[in-house]
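One structure is given below, encoded as structure tokens.
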Amino acid sequence: MKKSLPFLNKQLYINVLTVSMILFGLSSCEEVIDIELKEADQVLVIEGGVSNTETTHYVYISKTVPFSSNSTINPQSGAVVKIQEEGTSAERTFTEVSPGQYRINNYQANPGRNYRLTVDFENEQYMASSTMPAPIAIDSIGTVTDSFFGDEEKTVGVVYQDPPGEKNYYRYLVAVNGKPSNFVFAYNDKFNDGKKVQRNLYHEDLDLAVGDYVEVEQHCIDQAVYTYFNGIQSNNPGSAAPANPKSNFSNGALGYFSAHSITRASTTIE
């Protein structure tokens, strides 16, 4: 036997059908409007640095990519890249080894010294300087296990002694099983000056598991470089209007130049 719909369900069905017909009628006469997006001017991006542990250093030069572009990278060739240590007259030039990648060999940088990088490109000059802080030793490294809503999350923790009475800034690079992560870890000693610090390098997408081999580089950086990386760190997916991090380059270039000291440690996740 055929069952009739209850009144409320029947009335709901009629209302839905009516609304659907109205929407269909509206859509049938809808005009397609193409919105022309204004492309922003391309900006030069310079990224590079020198450290106390290497004698080969790199600078990468690119331009921002237009919104309509299918590419995510835009390397720039033909720049003249030079570095000079403060207080010396010697100036060394980088060699372009591939599009947008510039390299210098046999160059020793030292803590306590200030370095200036200049880039001449398309009749414009861009300049940044950075002072290399003294390295700070990593006392120990190991596995940290936390529980979030009943699920265990593993991360790596490093312990170090922050020097008292001075401002210190840190950046950490993490590689898991030989693969560098893209996550930014940047900190200052505002709340732990002179203390023994345990820094847990946690990121929700790092996804460490028992047996993973983790390598950590602790970079001691100056304030301007910290400001840049902290800006990147602050532009998380929840940011309403992410902005470009503050660069230490002149003339409107984006990016950074860092003279930093490095200490390294490694561990296997337990």
Side-chain angles (χ1 to χ4, degrees), residues 47-54 57-58 109 111-112 130-239 242 245-246 256 258-270:
E47 300 171 292
V50 293
S51 74
N52 63 322
T53 61
E54 310 293 336
H57 312 281
Y58 293 89
S130 180
T131 300
M132 184 187 297
I136 296 173
I138 295 175
D139 293 339
S140 61
I141 184 172
T143 303
V144 177
T145 304
D146 287 318
S147 181
F148 296 95
F149 303 104
D151 295 328
E152 284 192 347
E153 295 281 354
K154 294 184 179 295
T155 190
V156 62
V158 295
V159 177
Y160 61 91
Q161 175 65 52
D162 183 80
E166 61 182 62
K167 293 182 179 180
N168 297 104
Y169 304 92
Y170 305 87
R171 178 193 177 202
Y172 292 89
L173 272 59
V174 178
V176 181
N177 299 322
K179 182 180 179 181
S181 75
N182 295 321
F183 308 125
V184 175
F185 302 98
Y187 306 96
N188 61 35
D189 66 348
K190 182 177 180 179
F191 299 109
N192 47 37
D193 177 56
K195 297 179 180 179
K196 178 79 77 171
V197 180
Q198 177 175 314
R199 184 68 65 193
N200 298 336
L201 304 177
Y202 173 77
H203 191 284
E204 58 186 5
D205 294 328
L206 200 53
D207 197 24
L208 296 179
V210 173
D212 283 341
Y213 180 67
V214 181
E215 300 166 280
V216 173
E217 287 189 0
Q218 178 177 268
H219 291 196
C220 291
I221 57 180
D222 65 16
Q223 185 175 9
V225 176
Y226 165 77
T227 299
Y228 174 83
F229 283 107
N230 188 52
I232 294 178
Q233 194 170 233
S234 299
N235 281 338
N236 57 57
S239 298
K246 185 177 180 180
Y256 70 95
S258 173
H260 51 271
S261 59
I262 301 176
T263 52
R264 296 181 173 92
S266 61
T267 187
T268 299
I269 298 298
E270 299 178 347

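The structure displayed is predicted, hence computed values, not measured ones.
A donor-acceptor contact shorter than 3.5 Å is absent between the side chain of E270 and the backbone of V210. At distances below 3.5 Å, not a single donor-acceptor pair connects side-chain atoms of T263 with backbone N or O atoms of A137. Under the 3.5 Å distance criterion, the side-chain polar atoms of N200 are left unmatched by any main-chain donor or acceptor of Y202. Under the 3.5 Å distance criterion, the side-chain polar atoms of H219 are left unmatched by any main-chain donor or acceptor of I221. Checking side-chain atoms of D212 against main-chain N and O of I269 turns up no donor-acceptor pair under 3.5 Å. Using a distance-only test at 3.5 Å, with no hydrogens or angles considered, a donor-acceptor pair links the side chain of T155 to the main chain of L201. Between the D189 side chain and the Y169 main chain, no donor and acceptor come within less than 3.5 Å of each other.
Within the 4.5 Å cutoff, side-chain heavy atoms of V144 are placed close to those of Q198. With a 4.5 Å cut-off on side-chain heavy atoms, V156 and V216 count as touching. Two residues are said to be in side-chain contact when any heavy atoms from C-beta on lie closer than 4.5 Å; Y160 and Q218 meet this criterion. Proximity of V174 to V214: side-chain heavy atoms (C-beta onward) are separated by under 4.5 Å at one or more points. By the 4.5 Å heavy-atom criterion applied to side chains, S140 and V158 are not counted as neighbours. Contact annotation: the side chain of N168 never approaches that of N188 to less than 4.5 Å [non-hydrogen atoms, C-beta and beyond]. Counting heavy atoms from C-beta outward, V159 and V197 have side chains that stay 4.5 Å or more apart.
Closest approach of E54 and H57 over heavy atoms only: O-CE1, 3.1 Å. Residues L206 and S181 share a closest heavy-atom pair of CD1-CB, 4.1 Å. Across A186 and Y226, no two heavy atoms sit closer than the pair C-CE1, 3.9 Å. The heavy-atom pair separating M132 from S51 by the smallest distance is CE-C, 3.7 Å. For P133 against P111, the heavy-atom pair with the smallest separation is O-CB, 3.6 Å. For the residue pair P135 and N52, the shortest heavy atom distance occurs at CG-ND2, 4.2 Å.
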Pair K154-T145, side chain to side chain donor-acceptor pair (under 3.5 Å): steps then yes or no: CA-CA 5 Å; K154 294 184 179 295; T145 304; 3.2 Å; yes
Take S130 and D222, measure what side chain to side chain donor-acceptor pair (under 3.5 Å) needs, and give me the verdict at the end. CA-CA 7 Å; S130 180; D222 65 16; 2.9 Å; yes
Test D139 against K196 for salt bridge (charged side-chain N to carboxylate O under 4.0 Å, His left out), laying out the working first. CA-CA 9 Å; D139 293 339; K196 178 79 77 171; 2.6 Å; yes
Under the side chain to side chain donor-acceptor pair (under 3.5 Å) criterion, do Y187 and N230 qualify, and how do the steps go? CA-CA 8 Å; Y187 306 96; N230 188 52; over 6 Å; no
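Here the NZ atom belonging to K179 is positioned 14.5 Å from the CD atom belonging to E215, to the nearest 0.5 angstrom. In this structure, R199 CZ and Y172 OH are separated by 6.0 Å, a value rounded to the nearest 0.5 Å. If you take CZ on R264 and CG on L173, they are separated by 9.5 Å, rounding to the nearest 0.5 Å.
For an aromatic pair to be called close, the ring centres must be under 6.0 Å apart, and F229 with Y256 satisfies this.
For N182, the CG atom counts as loosely surrounded, since its 6.0 Å shell holds 12 or fewer non-hydrogen atoms of other residues, nucleotides or ligands.
With no hydrogens or angles considered, a side-chain donor-acceptor pair links D162 and Y170 at under 3.5 Å.
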